[in-house]
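Below is one structure, written out as structure tokens; comments come after it.
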Amino acid sequence: MPKSQVRKKKVYTPPTDVRPSAAQAAKKPSPIWLPITAVGLIFAGIGWLVVYYLSETAYPVESWGYWNLAVGFGSMVASLILLSRWR
């Protein structure tokens, strides 16, 4: 019995003129302030929480109570949002 012929599939090449602006935007590097700000927010959040716990809830702002936790964790979440934009 003769062998059947193997079909060769063409390699897909995406069109180049579909989204030229999106391709150019993806090639741009991140601004230098972005990782610096994100790392600064991480350290500020950790520092805020450490001061809050070590001072037995007296500092940084005693009248805020447990909202000090929200400030510390909020700054760390803000840094994660910034780092998701980093290329």
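The first residue in the sequence is number 1, and the count goes up from there. Computed from a predicted structure; not experimentally measured.
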Inter-residue atom distance L83.CG - L34.CG, 0.5 Å rounding = 7.0 Å
note = For G45 and S75 the tightest heavy-atom approach is CA-OG, 2.9 Å
ask   = In the hydrophobic clustering (ILVMFWY, side-chain contacts below 4.5 Å, transitive), which residues join V39, or is it alone?
value = F43
Do any side-chain atoms of residues 58-69 form donor-acceptor pairs under 3.5 angstrom with protein atoms, and if so which ones, sequence neighbours left out?
from : atom 1 : to  : atom 2 : distance (Å)
N68  : OD1    : W48 : NE1    : 3.3
N68  : ND2    : V61 : O      : 2.8
N68  : ND2    : G65 : O      : 3.0

query = Do L54 and Y52 share a hydrophobic cluster, counting only Ile, Leu, Val, Met, Phe, Trp and Tyr and linking them when any side-chain heavy atoms are less than 4.5 Å apart?
reply = yes
query = By side-chain contact (heavy atoms from CB on, under 4.5 Å), which residues pair with I46, not counting sequence neighbours?
reply = I42, V50, M76
task = Verify the cluster assignment for V71 and V77: are they in a single hydrophobic cluster under the rule of side-chain heavy atoms below 4.5 Å apart?
result = no
task = Grab the two heavy atoms, one from R87 and one from K28, that are nearest each other, plus how far apart they are.
result = NH1-O, 3.3 Å
key: Hydrophobic cluster (4.5 angstrom, side-chain heavy atoms) - remaining members for I32   = I36
